[in-house]
Amino acid sequence: MELSKNFEPQEIEKKWYSHWMNNGYFKSVPDDREPYTIVMPPPNVTGVLHMGHCLNNTIQDILIRRARMQGKNACWVPGTDHASIATEAKVVGMLRERGIAKSSLSREEFLAYAWEWKEKYGGIILEQLKKMGCSLDWDRTTFTMDPAYYASVIETFVKLHKDGIIYRGLRMVNWDPASKTALSDEEVIFKDVDSKLYYVTYPFADGSEGGITVATTRPETILGDVAICVNPSDERYKNVVGKEVIVPVIERRIPIIADEYVDAEFGTGALKITPAHDKNDNELGRKHNLRALNTLDAEGKFTSEELEDDLINDTIISYAGIDRFVLRKKIAADIEAIGQLQKTEDYKGQVGTSERTGAIIESRLSLQWFMDMKKFIATNPDISAAVAEEKIKFHPAKFKNTYAHWMNNIKDWCISRQLWWGQQIPAWYDEEGRYVVAENEEKAKEMFNTQFSIANAQLKQDEDCLDTWFSSWLWPMEVFKGISHPDNEEIKYYYPTQNLVTAPEIIFFWVARMIMAGYTYKNEMPFENVYFTGIVRDKQGRKMSKSLGNSPDLLALIDQYGADAVRFGIMIASPAGNDILFDESALEQGRNFNNKMWNALKLVKMWESRCEILDTRHETNTFALRWFENRLNEVRLEVNELLNQFKLSEALKVIYSLIWDDFCSWYLEWIKPGFEQPIDKAIYEKTVGYFSQLMEILHPFMPFITEEIYHLLDDKKDDLCVKVTDVVGNIDEKILAEATQLKNIISGLRDVRNKNQIKPKETIKVHIQTAEVAVYKSIESILAKQINSASISFVNDAVAGTITTVIGKDKFYIETEQPLNTAGQKDDLEKELNHLKGFLTTVEKKLSNEKFVANAKPEVLALEQKKKADAEEKIKIIEDSLSL
RNA sequence: GGGAGCAUAGCUCAGCUGGUUUAGAGCAUCUGCCUUACAAGCAGAGGGUCCGCGGUUCGAACCCGUGUGCUCCCACCA
């Protein structure tokens, strides 16, 4: 069979993915093997594949393929997340483009559009993962709004409500005026902004001279002011506490009160209190029994609905419907017009923004559903202990602290969203606003009957739906129906899962909450290890984003370089938890690696028809065989160890070097027969075996090319994808050391050739002066071939008229036609000599130090003595050479 | 404001509990090669005050202190 010049991934990748699928290799059913489970972090249905997914899923695929090859029952579960707020925003946008307003639709009509959208776009990302070679059990694909999943979320809500952990209450929440919904604290992102501090004077109500000046960044909230607060120990304001002042524009009389909360150092030391629009103000308001007057509607526009009639004047009527940021400037101008704006100052502050819409968050008093997290985590001490005690291991471990800190400062979780796309809150209200929480209307009616003695109540379900994360926290259980059908065979077999691979950004959103849910509902951790990936950035270290246009099209990259090369490129420089700087040159390196292996295959295949049973050359070649076998085993142990520690990119580097350097550059060259010469059959067969093993080790990282080469090497019945790896045998350290020495000699003598400008085709003659002639017997012919030497002989004395070099403890005399560059040789030897002398000095210094000799461990001391002896010996050899 | 982490070759990073040859790899660079698997390649080479300063120690890239510069997380001082 003719092999193409370079590796051509496209067809081969397609071929193998369908082969693996047709054979059901990714499918898992419980059996008597040890399970190895990963649940994929479900991407949003709105998503398309980007570099972050690529990194994340490549890592998972490496782990799961490795487990499969370790003989475990590997199960990797795919799925998608309904992503309540993100998806709803997309659907609303899509409708707007079609000229349909969400407000013109009923809930049912809107949801019909949303499902239509989900069916159309929701599966795209999963299809893209197949291109990357991800070995997911597709039959298990789960969606967080599948009927059973939906029911399990509702059931969880009902249970937690019954236990008094979920409650409904009027609280200050983070309000997103763009999507008109409440958000949890985690969904608010604080950003630095340049703003202004406005100094506004409130005149005294009794008409006395002056007034009190406050500094505020938000003049628009003045309309909701109910008090001015100062620090009780602030001398400046001692006399005014208890007095009343007039709020500018709205002309409301409000008291001056005192509270320790106020920082006398900030601004003027006087704080205006707006309980309806600020969390801290709200607390102060409650403490001091103040009203909360809301002046902004759900979209962040001014409304006078909650103001008392007598406070509404013409100016205020003219504010109706004005957006908060326009209003800010307008009110500032109006206050300035009446001479009560003292000054404005530039101010650097922070504002909270919505993670999804980017809108600036309003603190808003709102009736929402909450989870009492302190109470919840107190129900099971394992929730806090699991990570600290490393029952659940974080990689890298530094995220333990982050987790612990969050747990210790946990706040109530606002779980209701004013959205339709999601699990609708199972609370049922009658006309008088009484409510019960139940799985369905029928049960709700029964409850109304027992609780309120109302038969056949007319009930209406809560309009709102639940936070997306209130469903995804059940993911590792419910993908195996562990909530909807507890104690089924699958959940018993697959749970707890082994690994979670995810981004540190969602440690609170998701990881922490899965741990809580896992311990609560299964009394068991959801996963043993959490591998936190870094953020994929561009070459300059910038986050990849649509607006910067620095986010490459992954599918185009796969087309261009092949999936294996992309996987290689993204993995080669991505240690756990570190950001990765994505550079297309890494993909080139991956593609080049493909070609390297492909060409090695071509070389080996060329020999296939030239196999003969040969005795000549065989003896020295056994050195290459014995060495490579041991080297292979050595690396297999090392890779195994690295993978156990989740050092994936380290492992890949080691394998890369094993294949490129050890196998291609050294081993194949050592056993390579001369031009059109036959190769020994035994050597050929061993080589095919080694090559197959190399493909086996690399397979989890680069599944397609390895499977292809594995099969092209010889006629194999099995597939690499499901091959179970053998145990590594013992390692012969002696031969590894001898090979290292041989490599050093080859490189050293090649360097001599280079420096003396001996042309590659020109042969040399080498005379070796060594104490260990026997060692050279097995490597002699390899050495001769590798340095293009016509002959190798052993001598006891210097050979005149040759180039002399010292490698290790042996001297080499090189006979050549070239004129001798004695000066250059001398320089090199002297350089080496200086280095050794410097080294010897440091060693001698140590050894002559009494305290070192007294304190150092015996093996350290022995080592230093050996270093000294070695150095002295080498120095002597070089000095001998120099004297010639 | 609180906490965590990082700083090693031009770039990206290894270097585990202090001693293994006066620091390693990949990429990039330079030199020589179209050598019969591979120029997307081969062979070889150069390149570092291990961020600064101080300390502990017989011995520090590694431990401690301090300064500088980055990064991230948490926290609504209006």
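First the proteins, then the strands, lettered A, B, ... as listed; each starts at 1.
Summarising the geometry, the separation between CD1 on Ile506(A) and C1' on C74(B) is reported as 18 Å, rounded to the nearest angstrom. If you take CD1 of Ile410(A) and P of A75(B), they are 11 Å apart, rounded to a whole angstrom. When the C1' atom of G3(B) is taken as reference, atom NE2 of His405(A) falls 6 Å away, rounded to whole Å. At whole-Å resolution of the value, CG in Asp259(A) and P in A78(B) are 17 Å apart. Remark: P of A37(B) and CG of Leu3(A) are 14 Å apart, rounded to the nearest angstrom. With rounding to whole Å, Gln589(A) atom CD is found 15 Å from U12(B) atom P. The CD-C1' distance, from Gln350(A) to C77(B), rounds to 12 Å in whole Å. Computed from coordinates, the Asn6(A) CG to G41(B) C1' distance equals 10 Å when rounded to whole Å.
With a cut-off of 3.5 Å on both Watson-Crick or G-U wobble distances, the partner of G52(B) is given as U66(B). Base pairing of A14(B): no nucleotide in any strand meets the Watson-Crick or G-U wobble criterion (both distances under 3.5 Å). When both distances must be under 3.5 Å, the Watson-Crick or G-U wobble mate of U71(B) is A4(B). Nucleotide C42(B) forms a pair with G32(B), judged by Watson-Crick or G-U wobble geometry with both contacts under 3.5 Å. Here A78(B) sits opposite no nucleotide as a Watson-Crick or G-U wobble pair (both hydrogen-bonding atom distances under 3.5 Å). Applying the Watson-Crick and G-U wobble criteria (two distances, each under 3.5 Å), U57(B) pairs with nothing in any strand.
Of the candidates Thr816(A), Ile764(A), Asp751(A), Ile803(A), Ile803(A) is the only one forming a side chain to side chain contact (heavy atoms under 4.5 Å, CB included) with Asn756(A).
With 3.5 Å as the limit, one finds a donor-acceptor pair spanning the side chains of Ser657(A) and Asp661(A).
For Arg591(A), taking side-chain heavy atoms from C-beta onward, the closest of the listed nucleotides A40(B), C38(B), A75(B) is A40(B). Nearest nucleotide to the side chain of Val860(A), out of G19(B), C74(B), A40(B): G19(B). When each of G44(B), A37(B), C77(B) is scored by its nearest atom to the side-chain atoms of Cys664(A), the top-ranked nucleotide is A37(B). Considering only side-chain atoms of Leu863(A), the nucleotide from U20(B), A39(B), G26(B) that sits closest is U20(B). Nearest nucleotide to the side chain of Asn754(A), out of G44(B), U20(B), C77(B): G44(B).
The base of C58(B) does not come close enough to the side chain of Lys846(A) for any donor and acceptor atom to sit less than 3.5 Å apart. One donor-acceptor pair, N or O on each side, does fall under 3.5 Å between the base of A37(B) and the side chain of Glu669(A). Side-chain atoms of Asn599(A) stay outside donor-acceptor range of the base of A37(B), with no qualifying N/O pair under 3.5 Å. Contact annotation: side chain of Arg750(A) to base of A43(B), donor-acceptor pair absent below 3.5 Å.
Only the C1' atoms considered, A9(B) is 10 Å distant from G24(B), to the nearest whole Å. For the P atoms, the distance linking A23(B) with C13(B) amounts to 23 Å, nearest Å. Across the P atoms, C62(B) and G2(B) are found 28 Å apart, a figure rounded to whole Å. For the C1' atoms, the distance linking C50(B) with C6(B) amounts to 14 Å, nearest Å.
Within 4.0 Å of Ser665(A), counting heavy atoms only, lie sugar-phosphate atoms of the nucleic acid but no base atom. Among the heavy atoms of the strands lying under 4.0 Å from Lys653(A) are primed sugar atoms or P, OP1, OP2 only; no base atom is included. Within the nucleic acid shown, Trp607(A) has no heavy atom closer than 4.0 Å to any nucleic acid atom. Contact annotation for Asn849(A): backbone-only contact, meaning every heavy-atom pair under 4.0 Å involves sugar-phosphate atoms and none involves a base. Among the atoms of the strands shown, only primed sugar atoms or phosphate atoms (P, OP1, OP2) are found under 4.0 Å from some heavy atom of Leu581(A). Nucleic acid contact for Glu186(A): none, since no nucleic acid atom lies under 4.0 Å from a heavy atom of the residue. Within 4.0 Å (heavy atoms only), Phe7(A) reaches no atom of the nucleic acid at all. Residue contacts shown for Ser657(A) are absent, as no nucleic acid heavy atom lies under 4.0 Å away. Contact annotation for Asp751(A): backbone-only contact, meaning every heavy-atom pair under 4.0 Å involves sugar-phosphate atoms and none involves a base.
Using a cutoff of 4.0 Å between basic side-chain nitrogens and carboxylate oxygens, Lys874(A) and Asp870(A) are not scored as salt-bridged. Using a 4.0 Å cut-off between charged side-chain N and carboxylate O, Lys279(A) and Asp185(A) make a salt bridge. A salt bridge links Lys868(A) to Glu872(A): at least one charged side-chain nitrogen sits closer than 4.0 Å to a carboxylate oxygen.
Remark: Lys647(A) is not in phosphate contact with C13(B), judged by side-chain N or O atoms under 4.0 Å from OP1 or OP2. Regarding contacts with the backbone of C73(B), every side-chain N or O of Thr402(A) stays at 4.0 angstrom or more from both OP1 and OP2. Phosphate proximity of C38(B) to Asn592(A): absent, as no side-chain N or O sits under 4.0 Å from OP1 or OP2. For Lys596(A) and C42(B), the shortest distance from a side-chain N or O to OP1 or OP2 is below 4.0 Å. The phosphate of C27(B) has OP1 or OP2 within less than 4.0 Å of a side-chain N or O from Tyr656(A). Between A78(B) and Tyr347(A), a contact under 4.0 Å exists linking OP1 or OP2 to a side-chain N or O. Residue Lys851(A) has no polar side-chain atom (N or O) positioned under 4.0 Å from OP1 or OP2 of U57(B). For the OP1/OP2 pair of C42(B) and a distance below 4.0 Å, the side-chain nitrogens and oxygens of Trp660(A) include at least one atom meeting the criterion.
Shown here for Tyr202(A) and Ile222(A), the closest heavy-atom pair between the two residues is OH-CG1, 3.4 Å. Taking both residues in full, the closest heavy atoms of Gln589(A) and Tyr656(A) are given as NE2-OH, 3.3 Å, listed atom of the first, atom of the second, then distance.
A heavy-atom distance below 4.5 Å is not found between the side chains of Arg171(A) and Cys414(A). Within the 4.5 Å cutoff, side-chain heavy atoms of Leu3(A) are placed close to those of Leu712(A).
Checking Gly269(A) against Lys755(A), the closest nucleotide of RNA chain B that is more toward the 5' end is the one next to Lys755(A).
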